[in-house]
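Worksheet: one structure, shown below.
So that the names make sense, note that chain A is the first sequence line, chain B the second, and so on, each numbered from 1.
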Amino acid sequence: MTHSESSIPAMSRSDINKNAEVLLDVKGLKTYFYTDEGVVKSVDGVTFHIQRGETLAVVGESGSGKSVTSLSIMRLIAMPPGKIVEGEILFRGKDGVQKNLVTASEAEMRKIRGNDISMIFQEPMTSLNPVYTVGDQIAEAVMLHQGKNRKEGMEVAAQMLELVGIPAARKRVNEYPHQMSGGMRQRVMIAMALSCNPALLVADEPTTALDVTIQAQILDLMRKLQAEIGMSILFITHNLGVVAEMADRVVVMYGGRVVEEGEVLDIFRAPKHPYTMGLLNSMPRVDHAAVPGVRKERLEAIPGNVPNPLNLPSGCAFEPRCKFAVPECSKAVPALEDTGAGHMSRCIRWREFSEVKA
Amino acid sequence: MTAIPAPPKTNARAQSQMQVAWGQFRKNRLATIGGIFIILLYVMAIFAPFIAPDGLSNYSTTATTRYHEPTPLHIRDPKTGRYGLFVDKFAQTMNPDTFLQEFRPTGERCPVRLFVRGDTYRILGIPGNLHLFGTGNPDCKVFLWGAEGLGRDLFTRTMYASQISLSIGVLAVFISTIIGVVMGALAAFFGGWVDNVINRLVEVISAIPYLFLLILLRSLFPQDANPILVLFLLLVILAFISWGGLARTVRSQLLSVREQDYVTAAYSLGSSQSRIMLRHMIPSMTSYLIVTLSLAIPGTILTESGLSFLGIGAVEPYVSWGTLLNQTQDGGIASITDRPWMLIPGFFIVFTVMCYQLLGDGLRDAFDPRKRQ
Amino acid sequence: MFTFLLRRLLNLLPTFLLATILVFAIIQLAPGDFLTPAKLNPGISQQQLDNLAAQFGLNKPAWQQYFQWLWNLLHGNLGLSFSYTQPVLDVAWPRVVNSIKLVLVYLVLFYAISIPLGVYGAVRQYSIGDRVSGVVFYFLLGFPSFFIALLTIFGILKLRQATGWNIPMIGMTSDGYDQMSALGKIWDTLKHLIIPGLVLAVGDVAGFTRVLRGQMLEYLRGDFVRTARSKGVPEFSVVYKHTLRNAIIPFVAGIGGLLPTLIGGAGFVEVVFAYPGITPMLLDAIASQDFYLVAAFSILPMVLLFIGNAISDILLAVIDPRIRFN
Amino acid sequence: MTAAAEKTSRKPLPAMGETLLEVNKLQKFFPIRGGLLSRVVANVQAVDRVSFKLNRGEVVGVVGESGSGKTVMGRTILRLLEPTGGQVIFNGTDITRIGKNELRDYRREMQVIFQDPFASLNPRMTVSEIIGEALQIHNLHPGKGRVDRIAELLTKVGLRPENMGRYPHEFSGGQRQRIGIARALAVDPAFIVADEPTSALDVSIQAQVVNLLQDLQEELGLTVLFIAHDLAVVEYICDRIIVMYLGKIMEIAPSRELNRNPKHPYTEALLSAAPIPDPTVKRQRIILEGDIPSPINPPSGCVFRTRCRYAIAECAQVEPELREVTPGHFKACIRDDIL
Amino acid sequence: APFVWPAKWSADPASAAKKGGDYRESTISDYKTINPFTSAEARSIPNYWMSLGAGLFTQDQTDDSFIPDMAEGMPVVSNNGKRFVVKIRQGMKFSDGQAITADDWVTTWKIHTDDKVGSNSYDSFFINDKPITVKKLDNYTLQFDFPQQSATAYVTMSYTPWPDHVFGKAYSAGGAEAVKKLWGLNVNPSDVVTAGAFTLQSYSAGQRAVLKRNANFGEWNKDSAGAALPYLDTVTLKIVKDLNASLASYLAGELDVYGPRNADDLAQIKKAIDAGTLKATELANVSPAATSQWITFNWNKADSPFKQKLFRDVRFRRAMSMVANREAMVQLALGGLGNPTYYSVYPVFKNYINDAAPKYPYNLAGATKLLAQMGFTKKGSDGILVNAQGQKLEFTLATNSGNTVREQLGRIFADEAKKVGVKVNFTPIDFNVLVGQLTSKGESRPFDAILLGLSGGDNIWPFGSNTVPCGGNLHSYNNPTKGDCLTSQEQLMTKLFFQGDSTVDQAARQKIGAQLLKTEAELQPVVYLVGGSYHVTYNNRLGGQFPRNQMDSYYGSRNVVTTFIK
Ligand SMILES: Nc1ncnc2c1ncn2[C@@H]1O[C@H](COP(=O)(O)OP(=O)(O)OP(=O)(O)O)[C@@H](O)[C@H]1O
Ligand SMILES: Nc1ncnc2c1ncn2[C@@H]1O[C@H](COP(=O)(O)OP(=O)(O)OP(=O)(O)O)[C@@H](O)[C@H]1O
Ligand SMILES: [Mg+2]
Ligand SMILES: [Mg+2]
């Protein structure tokens, strides 16, 4: 039983050096899928960067291209039907050399994967290979990247399991995924991802499939580990609550594009894109008890449906659902504009929103 | 009220499961080719008596044509210089030195014409005597693909054989599918001892070597029973044996469908068991069944040839590709070296099985929701 | 595991009894008996026929014969073969061993061909190789096995005549087998087994390969494969270590049922290749209505089914840890 | 309302605010078989002696972790699963005792909406067939009227009637959920079990469906048992909330009360675990260690004690009763000295 | 004194013979046992291979006469030709070195005649249920007592003696059961003892049996040059279930002999010989085969008086013989290699063929005439003859399914019959069913007509004991409950059969046979169709086969005892 204080990471948000080194720089990334029905422009010109030690959250609706972006970074897009058609992914690995992951060879990528950049996935139940022990699976990465033998690998695995707080870790390295609960498995995933001390951890909705209580455990753990290891995290989610707890900066995606980007406080306090606003408003909040009188009788929903990725509107992708839409919006894709202090928005009416929100 | 969300504008066509599958299927070129050839084969089978120049069992006891070579079709008569399709009349002698049947043109020529009158037949009950091609002369026939051991035209026999080979597989599989589905459904639906008994039954039947079962069962049928009916029943029995698997699959499939939310929804609406069975559970099997069927039919065609190998396949005066191939097999090496045309029925089996496999594969992919975006 | 196997055995008992009754019933219903061919022999008198019928117990009512047999069976006695006048087990056992040898070689060849092919088809989906191998093996699938066997024998004969190589054509061992060294014997048998084994295997490759390919495709898209890739695991390892072992699981579960059908299914090939396996003997036994021999061969699949299921349960537990714990 | 005519033939419902449904010591165990003879060796105690009342017109939420028995309870109440024990008294009738035919009549009164909008619609049926099936079974609106009724229902849930001829896979998740709702409404039920109807939906769509449900409930005076594992959603729509853990009820309270003033340690932990979409809020978080125990072999005494930070030795001995601590606020915890 | 194998039996001079080597042959069915008393197959290991050269007398294929083999000389005959006293050679030894004495014959006889043993030779020791007795006069003298004169006395006496010290011992200790337990397939070969030229070396299930020379055999069996027999070291008998496989094996040189079945086989072998890939000799049409194919009509059809009358009418049966297009049958079903047959005696038994017996060869006009005499003058719309009562001339003809040749014969027969307006419903059925029908007894037997074939029998009295006499199992056309004859011809044939069977003098017997044959041909109860030809082929590494003119389907092409490898 722990009653953890709201964990104060060693390197809290405010400590982040604004001029810290850029670890990953994604520029104009376009990843398309060529399907029978047509070209799915899943990621259509995404640009963002992550600094060393920072947590960047990517939020957005289902199908907005979050996973494809992360898989593009790992170069794990199935080809065919997928293809990175344009853009650069610049990454500075442990060796200090900046590489463009879009053009790196497959062998180079294999060296980076699991070693410099690790990834954890949404589904802890299916993301582990059911026929190997968790120890084996953790050790595999260690053996691959650190030239260790199996025995040493298993030793590291046990240590990692201990690190992520699995009780009786020495015993459990020899267990199989199905012997563990979802929360445990997600811990194993994290242990595996961290086993080679990566510079960047890509977490694609790591807690979406988990119960709130387990989610809390995992988020807590991730924060603790980040503080210890000092890696950067690219945190993908569509849960704004999680974003609020985890992120330093936030990238909001919609229809394969970044629609807003900024410091987490700015995004929540003064969103500059109608989609972000809609998202914030449609979130039911459990904490209103602490803020009496906020309760709304109805949620403020975003009308309409998530757009069909095959057939995105020609202008602003959010225009059909936007209550602020003006005819202008459907003319052309709005540019991602800096609204000041690194807060970017892809809305032509962003200037009006500071007032609206205030 | 929230704004009524617009239904997606694209994809506006209402597509049924079948339509979707059809769309997917058409994209698979090999499968489409397989399907087209299957259709052609069946058309061929239906019109076999018309396509064939001769009657099924016609041969001569005077001018014997045992293992007649394929007769070359000539278009120009070297003597008269006239043009027109014709064949030579051959005389057969056995070379006492090589023991081979030798055919020498007699010099007589018989014109091959289209739509000639000849042997009478019935197609779908309609009598006729018109043949696509032929000489119209019973003493001087076209042996497009040579002749078999009694001197009967192999082309004709192959055509007629397709009727049995192609229909018996379908019919037997069809019937056994019904048995399999009903058994599986009963087991799934009633569970308990019914399930147990059916499972045991399936096990028992599949535990007995099927060769043995077939050979013995064959001898149980009354002697005057129509041999085709007997063969057909045997294949059904055989299919039933091998379809213990089907019953099991149906059972487990139905059990899993029963757990689906939409079935629960139907219960909660007050559906009766039979309604759920008919409206929800059985239709959920259709795509699976179509695919399994398309793969089981060629299996039965092959099995029939196996039965012929054991001498319990189609018997005179009926022929199937299996029996024809078995004659080839009986001839041993001689069939390959001295009369390779006897291999043609085998080619039909291979071809049909292959087409069915391609078709089945295509269907499987087409019905597989995972293969679709 | 043990209770599990025991339960399987218990489950098998009613099946077994039913099957024997069925076999007995059919044999009794079938016209004629073991002595029918003797009736056609101009040299055998009725007196002699009666003697023989009494000898084999064929003059007793069917149910008595059945219970007698069942009783003997419970005492580990499968009865006496009429035509061999020997205990059935002595007569049938060498054939069973031979068939198992063939089936083992078949299995090895079959998996050696179809696994790489299925994997290749999944990894290089829709490549030329995938399509060509698909069509070729579909083609072979369409051949009745007995016919491929004949073509093969012809091919070998021609090859032998052309080259003089001593390629084994039929049978299971060469002349002078008895004089060979132990290793020589194994090698000689293996040489004889490869071709029929291959003939059996190629007919089945298509089916299995296709399913394996589908299964592989499914797993290759799976989450844990993505995890493996994200660890930087080399592609070969992704395919063979991570994917194949999972994809193969459903087939392992099916091995149990495979064994009995294989023994029967190897049949025609055994006949054409003059291989001394079960089927040639079974066909003889059926033709001569050598009842106890037939009965033994119908128990055999059940024994094999049990053994096969046990093997696949064990194999399954080896490759799929999820099975081990419940 | 078109269905008014039929309604008269049914047993009249109690007045608004009166007890419509009473669940009494309801139990649902799933046997686990094993051993040589496939005997029952253990039971999954999915729902164990839960009792509560629902008033007509009320929306009551059920929350709890995955595996806590929410779905099983919902389905057992509707007798989609046969209860192992206990009673479900609907409008004065114990529906756990009645025969199949009689039950069919009660099916009209009680409906269910499912979590998974993909699995709950038969992919082979069109929307009109799906909704029409309900009408067909109970022979409602025969003939031409049926199409009108379907159109009406579709409009009610915010879909265009033109979509009637389409198949489920042509709709988005939110739209599919609406179809499911229309199906449930088709027979004019008095009581609906909504089993996590929004948890498979996007946040932006979730709000739409929550709003729709709320509207319909108000408009039709429905009684709703709203199952969710997300307290935040439940909070918005429900009058009262039931908190479940390992097949047992831990706490029942009006939603505002529960949120502000949880009396059970489990509720407290659950509330604190939910992330708050506000980066400025800093709060103390209670991390529940470990996972929910197995329902096959639940802990003795209080089932929550193994993860409870207030647990004392006594908790292992006594199974706490669900008792009223303040008016309308029930909890199953022996300690009153906490919270 | 040793038995000297006549030089005239071999095409090669004894001086050409070499010792050693392996002779390879194949068999289609597996061996069932090594026990001579339970063995039932024709060419079984104990009763053929291990009995080679072991019998009191042996038949000389040049003149069908019997000459002494294990017997010292011809027997002393007394008691009106019913008692034979035979002196056996001294110094003969079994393969295990034990002396062969009279006891061995007596024991062997005893065991064969014990009905609990179930020996296949049981019948041959009885004549009309009356036993033949064998007595030991002294260690080297045997006395055979026959209940009556017998044409086949020499055959009967020439049974193979099996060691008393093996079987006699077991028999006196454990009776029939003990004997039956001996020498199963898994017997230890060193326990197998024989008087014949070869003894068992090894057997592997379903694959092959290997026999090795009996070293002691050579002590009392010499070739004309005085060398010990047999020449061969071993005989390998391969079990090859498929005839195509055996042909392939022969073509590949893995077998020394092969029995060509038909023109296809001959052509394949010829081709290989011509191409030089196989060094072998091929002799086609050596003699007619010792088999028959026939159609029998059922006279016992109380349930269908019309058919009963029909089948009992000799004109009908003659007409049916005229319908059989034997020429076409030879051409089509036998590929041109065969002969029409008209009698029950196989053509290879030339001595018993009576050319004076009537034949009813293919003659559709003749058939039509005969049928018209019977009242079948009109044809119905379907082309089938009907009589005045409107009864159709139609019957069912069955044969066993799976036999291609018979199926073709039946087909041709039915097709030809149609030409004269007789509808033959030809149906191949299960063999066992067919035999059941054929051998059934009663006033109403369950078939119309059956097409079947027989083989077996000898050239001493080539009429079957259960075929010719009324009441016999295979008196297939007329077998009422009591087994009575229906016609005077049958009575005559029955009489002639027993007369011939007990006529020892060959010429007299042949005369009786000729009369029997003529009676049978006139009655025409069974319509004989065609017979195949016997072909011989062997690998040129073999020597010692019979001269060409001695080869036939009865005696075969060689004696393995005098066969050698070049
Ligand atoms: N293999 C593929 N083939 C075709 N389209 C694809 C493929 N993978 C992804 N897409 C499309 O790319 C788009 C973006 O998908 P992505 O998985 O990145 O969404 P997401 O933001 O991660 O959504 P979620 O929150 O549901 O995980 C979707 O429209 C999806 O249909
Ligand atoms: N058919 C069944 N057989 C056996 N156990 C079952 C069955 N259905 C449910 N259970 C068990 O009952 C317990 C309660 O399950 P239930 O589905 O009600 O949980 P839940 O609260 O709805 O969870 P979730 O939030 O994941 O939907 C679980 O432990 C589950 O494993
Ligand atoms: Mg995603
Ligand atoms: Mg649930």
Side-chain angles (χ1 to χ4, degrees), chain B residues 57-67 92-102 147-152 215-227 230 307-318 323 326-339 342, chain E residues 242-248 251 260-272 274 282 284-285 325 327-337 362 396 398-405 407-408 410-412 414-416 419 425-434 437 446-447 535:
Chain B
S57 300
N58 290 357
Y59 64 96
S60 165
T61 48
T62 46
T64 56
T65 53
R66 181 180 164 87
Y67 297 127
Q92 179 185 37
T93 46
M94 191 174 85
N95 183 329
D97 192 33
T98 61
F99 305 102
L100 293 173
Q101 306 282 353
E102 287 179 355
E148 46 82 86
L150 268 183
R152 295 174 285 194
I215 295 173
L216 287 186
L217 285 175
R218 179 70 172 78
S219 58
L220 288 188
F221 286 103
Q223 295 312 316
D224 44 3
N226 183 330
V230 172
L307 292 185
S308 298
F309 181 71
L310 291 176
I312 55 175
V315 295
E316 291 277 348
Y318 300 98
T323 39
N326 190 46
Q327 284 174 12
T328 314
Q329 176 90 13
D330 282 345
I333 299 168
S335 295
I336 306 171
T337 56
D338 301 339
R339 35 179 193 272
M342 291 289 282
Chain E
D242 188 81
L243 284 171
N244 288 324
S246 337
L247 173 63
L251 291 176
R261 293 164 288 175
N262 47 35
D264 281 347
D265 284 0
L266 291 172
Q268 289 300 319
I269 296 162
K270 182 75 182 157
K271 237 186 241 172
D274 289 350
E282 182 176 64
N285 293 316
N325 187 347
E327 221 27 75
M329 288 176 181
V330 169
Q331 284 310 317
L332 291 170
L334 303 179
L337 302 175
Y362 182 56
T396 303
T399 191
N400 62 311
S401 55
N403 185 320
T404 323
V405 169
E407 283 178 12
Q408 291 185 346
R411 187 82 266 133
I412 295 168
D415 290 339
E416 292 288 340
K419 292 181 186 165
N425 300 311
F426 177 60
T427 50
I429 62 175
D430 179 69
F431 178 72
N432 288 319
V433 179
L434 193 75
Q437 295 181 350
F447 69 96
H535 318 289

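- Of the listed residues B/T65, B/L150, B/T64, the one with more heavy-atom pairs under 4.5 angstrom with chain E than any other is B/L150.
- Shown here for B/F99 and E/A263, the closest heavy-atom pair between the two residues is CB-O, 3.7 Å.
- From B/T62, atom OG1 reaches atom CD of E/Q331 across 11.5 Å, with rounding to the nearest 0.5 Å.
- Residues that satisfy the side-chain contact (heavy atoms from CB on, under 4.5 Å) test with E/P446, not counting sequence neighbours, are E/Q437, E/S440.
- B/T323 meets the side-chain contact (heavy atoms from CB on, under 4.5 Å) test with B/S308, B/A314, B/V319, B/S320; sequence neighbours excluded.
- For E/K270 against B/T98, the heavy-atom pair with the smallest separation is CG-CA, 4.1 Å.
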Inset, instruction - Would you check, one step at a time, whether the test side-chain contact (heavy atoms from CB on, under 4.5 Å) holds for B/M94 with E/L337? - result: CA-CA 10 Å; B/M94 191 174 85; E/L337 302 175; 3.5 Å; yes
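- To the nearest 0.5 Å, atoms CG (E/D264) and CG (B/D330) are separated by 10.5 Å.
- The two atoms that bring E/N244 and B/Q329 nearest to each other are ND2-O, 2.9 Å, heavy atoms only.
- For chain B, no part of E/T396 is nearby; none of its heavy atoms comes within less than 4.5 Å.
- There is no contact between B/Q92 and chain E, counting heavy-atom distances below 4.5 Å.
- Across E/I412 and B/Y59, no two heavy atoms sit closer than the pair CA-OH, 3.2 Å.
- If you measure heavy-atom distances from E/E327 to chain B, you find no contacts under 4.5 Å at all.
- Interface residue E/L251: only side-chain heavy atoms are found under 4.5 Å from chain B.
- The contact between B/D97 and chain E is made by backbone and side chain atoms together, counting heavy-atom distances below 4.5 Å.
- Put simply, of E/M329, E/R411, E/E407, E/R261, the one with the most heavy-atom pairs under 4.5 Å next to chain B is E/R411.
- Minimum interatomic distance between B/R66 and E/Q408 (heavy atoms only, all atoms of both residues): NH1-OE1, 4.2 Å.
- Counting all heavy atoms, side chain and backbone alike, B/S60 lies closest to E/L332 at O-CD1, 4.0 Å.
- Expressed to the nearest 0.5 Å, how far OG1 of B/T61 lies from NZ of E/K419 amounts to 3.5 Å.
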